Amino acid sequence: MMKKPAVTEVPIHPLIAERWSGRAFDETKTVTREQVLSLLEAARWAPSCYGDQPWRFVVWHRTQDPQGWEKAFATLWPFNQAWVKRASLLVLVCADPIFSYNGEPNAWAEYDCGAAAENLCLQAVALGLMAHPMAGFDAQAIRAVAGVPDRYKVISLIAVGHPAEPDVLDGELAEKERAPRERRPLAELCFAGKWGKSL
């Protein structure tokens, strides 16, 4: 199993450093029910505005529900299908844009769903799994497959599985898997008290 920990400017927790969106999944290994529940429990404890928990998840398991998984898989763009085909799980993230406590619009619902999704991704690392969030899919098609009510907004899909060596991928995908991870420097992203003022 290949690891690509982040090369950071200052030390960070290994769980965060080791999280990355790889594409090489081991199709011979399956994610257990206990692991699925652990991923979702981690997401459940994410912070949210007023504790409203606007996230909803729909999970497809490749070995336990192959027919359902294939329907969800068919909504992916071809580039993503080329590597997701080996993942154990597809997880759909949806947001409730209406506060449940007062029926008013929740402008922070998608932000909160992102926090829940990140919790899921970090828990995947803790379990020895890999999670890769995606935007490359047909939102209307996955809405129909999952039976998502009109009220909810489709946000993203996350592929989850056991990591494998890059050799399971072809050509450009294998190169991307081996390429160094990069991020913009802190000084370009973070400021002290005023936009553009260096920390």
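If you're wondering where the values come from, they're calculated on a predicted model, not measured in any experiment.
The side chain to side chain contact (heavy atoms under 4.5 Å, CB included) with R19 is formed by just one residue from the set P14, C121, P5; it is C121.
Between I16 and T8, the closest side-chain pair of non-hydrogen atoms is not below 4.5 Å. For the pair L92/W60, a side-chain contact is recorded, criterion being any heavy-atom separation below 4.5 Å from C-beta on. By the 4.5 Å heavy-atom criterion applied to side chains, P97 and N106 are not counted as neighbours. Residues V84 and F25 fail the side-chain proximity criterion, which asks for heavy atoms closer than 4.5 Å. Counting heavy atoms from C-beta outward, R151 and D96 have side chains that approach closer than 4.5 Å. The closest side-chain heavy-atom distance from F137 to V154 is below 4.5 Å.
Taking hydrophobic clusters as Ile, Leu, Val, Met, Phe, Trp and Tyr residues chained together by side-chain heavy-atom distances below 4.5 Å, L127 does not share a cluster with L122.
Proximity of a side-chain donor or acceptor of Q35 to a complementary backbone N or O of T32 within less than 3.5 Å is detected. Listed for the Q53 side chain is no donor-acceptor partner under 3.5 Å among the backbone atoms of S48. A side-chain donor-acceptor contact under 3.5 Å links D52 to the backbone of S100. Judged by distance alone, the side chain of E18 and the main-chain N or O of V125 form no donor-acceptor pair under 3.5 Å. Judged by distance alone, with hydrogens and angles left aside, the side-chain atoms of R62 form a donor-acceptor pair with the main-chain N or O of E27 at under 3.5 Å. Put simply, the side chain of H162 gets close to the backbone of T30: a donor and an acceptor are under 3.5 Å apart. Between the side chain of D112 and the main chain of C49, a donor-acceptor pair closer than 3.5 Å is present. One N or O on the side chain of N119 and one on the backbone of A42 form a donor-acceptor pair closer than 3.5 Å. Panel note: side chain R44, backbone L39; no donor-acceptor pair is recorded below 3.5 Å. Checking side-chain atoms of E177 against main-chain N and O of L169 turns up no donor-acceptor pair under 3.5 Å.
Heavy atoms from other residues, nucleotides or ligands lying under 6.0 Å from NZ of K153 number 12 at most.
Of all non-hydrogen atoms in A24 and E165, the two that sit nearest each other are CB-O, 3.6 Å.
No hydrogens or angles considered: nothing links the side chains of D138 and T75 as a donor-acceptor pair under 3.5 Å. For the residue pair S88 and R86, no side-chain donor N or O sits within less than 3.5 Å of a side-chain acceptor on the partner.
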Working for side-chain contact (heavy atoms from CB on, under 4.5 Å), residues L173 and F79: CA-CA 9 Å; L173 285 174; F79 175 80; 3.6 Å; yes
message: Go through it in stages, so that I can follow the logic: the residues are F191 and L199, the test is side-chain contact (heavy atoms from CB on, under 4.5 Å), and I'd like the CA-CA distance, side-chain angles, deciding distance and then a yes or no.
response: CA-CA 5 Å; F191 313 117; L199 281 166; 5.8 Å; no
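Between F99 and Y101, the ring planes are perpendicular. Angles over 60° get that label, and only those under 30° would be called parallel.
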